[in-house]
Amino acid sequence: MKTLRNMTLLVVLIMLNFGSAMAQASFKKKLSDDDRMEWWRDAKFGMFIHWGAYSIIGGERGSKIAGGGAEWAMDKLDYTVEEYEKYPEMFNPQLFDADAWVKMAKDAGMKYIVITSKHHEGFALWDSKVSKYDVMDTAPFKRDVLKELSEACKKQGIKFCVYYSIVDWHHPQAQGNLYPNYNIAQHDDPSVVNPEFPKYFQNYMKPQVKELLTNYGDIGVVWFDGDWITDYTTEMGKELYDFIRDIQPNTIVNNRVDKGRTGMDGMNNKPGEFAGDFGTPEQEIPDTGIDSDWEACMTMNGTWGYKPDDNNWKSSEDLIEKLVDIVSKGGNFLLNIGPDGFGRFPAQSIRRLDAMGQWTKKNGEAIYGASASPYEKPKWGRYTQKDGVIYAHVFDWPKDGLLKLNKAIKFKKITLLTDPNTELKALGTSREVIVEVPMLAPDSPVSVVKIELAK
Ligand code: FHN
């Protein structure tokens, strides 16, 4: 009897111990803000993916073509909620291949992926238990896109991040009750509110965000959008930010979680007063560096969601120069892809990713982990800096073979980044540092000259 009691006690003790080990294993250390932001600051280059039921529509309805972003099809092409629902019911992208998507991002030199878990249309790309308007219940696809993509990211060493729209054109307690009469003017009309919105926030949005943070491993960034609607308040924003950090303490959250922006500005107008870890300039690059974290998000053509009619593609050269420009000003570049309704990246996007990958493979040292230039923008290109080295990114290679650097540069050794063994001759004058470079640019569209500084 005594032995039995002792054994029971032993089992209980073992279980208690096991329980505390489990608790320890699941406890996540809260990092300092600098430690938490470190991977993101070093990463510099990420892929934005806009994918949803709108990717089937492609921005076209009969003879009508939506202006601007095709992910706004429901709104711009005047669908009622019922009419629009047939697209999620058709969502069956048989060519979706998470491993191939992640590989394309990785080969381009991107370090993180942010995918629209739910855009303004309201259709969720994951197995949401809070909603039937998702990829498992409404769509014939019945594959959890976020699960496949998060696993592929983990396998390939890419940070997995999610975009989530606060605006929801389908949910009746958000904007769903306003269609088909919701028009673009009302989006900015402060009197257009849904008194039920706080219920959507507490009982739908927060539980959905919780699912994203509990079912897909570590989430690098939660990227909110739709902060501009009057229904959404700064109190909700702060509550949501704390809610996220309580679940995953190390997750980074963009500034659109709160109401700190004026209109569609990228940066918060009163830094420190609002929740959010970084600013989000959209389709623009600030003229100069900014003294806080920021990320410029941009399309390759003029649309976020798939739109075959949009052929306004930026060139690969332009995109590479934009990456350099952004890094030279201390920002990150989040470059968008709009896959089609079958799950394919547009060929034009793949070509640009390939070109960017060829360039980042050779010149990544001057990008990843680099910080903003300490000097003014030179006429010929941009500077970045890292670990006692200045990198001169030359867009316009000097025709006379003489590259003129900022006079404040005290150099020890200067080489081409692609040819570290050949030291370039240089002379410091009172007006500039003149470097003798080869007559032909060693790379295109940007050649990098590496300047090791004297201590
Ligand atoms: O309305 C959206 C748009 O569709 C797209 O998602 C971009 C990406 O930053 N954000 C919104 C507008 O700011």
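Atoms within each ligand, like the ligands themselves, are counted from 1 in listed order.
If you look at W223 next to ligand 1, the close heavy atoms, those under 4.0 Å, all belong to the side chain.
Scanning all protein heavy atoms for the shortest distance to atom 4 (O) of ligand 1 gives E71 OE2, 2.5 Å. Regarding atom 10 (N) of ligand 1, its nearest protein heavy-atom neighbour is D225 OD2, 2.6 Å. In this structure, the protein non-hydrogen atom closest to atom 5 (C) of ligand 1 is H50 NE2, 3.4 Å. Scanning all protein heavy atoms for the shortest distance to atom 7 (C) of ligand 1 gives E282 OE2, 3.4 Å.
In this comparison of R256, M298, H120, the heavy atom closest to atom 1 (O) of ligand 1 sits on H120.
Below 30°, between 30° and 60°, or above 60°: for W169 and W72 the angle between ring planes is above 60°, a perpendicular geometry. A perpendicular orientation is assigned to the rings of Y383 and W380, their planes being inclined by more than 60° (bins at 30° and 60°).
Heavy-atom distances between G69 and ligand 1 stay at or above 4.0 Å for every pair.
Of the N and O atoms on the side chains of K154 and S150, not one donor lies less than 3.5 Å from an acceptor on the other residue.
Heavy-atom proximity to Y163, at under 4.0 Å, picks out these atoms of ligand 1: 6 (O). Of all atoms in ligand 1, numbered sequentially from 1 with element shown, those under 4.0 Å from a heavy atom of W72 are 1 (O), 2 (C), 3 (C), 4 (O). Every atom of ligand 1 with a heavy atom of C297 under 4.0 Å away is listed here by number and element: 9 (O).
Taking both residues in full, the closest heavy atoms of M356 and L335 are given as SD-CD2, 3.6 Å, listed atom of the first, atom of the second, then distance. Taking each heavy atom of G343 and W51 in turn, the nearest pair found is CA-CZ2, 3.5 Å.
Exactly one residue among Y163, W304, Y54 makes a side-chain hydrogen bond (donor to acceptor under 3.5 Å, both in side chains) with H119. That residue is Y163. Each of Y79, Y84, Y133 was compared with E121 under the side-chain hydrogen bond (donor to acceptor under 3.5 Å, both in side chains) criterion, and only Y84 meets it.
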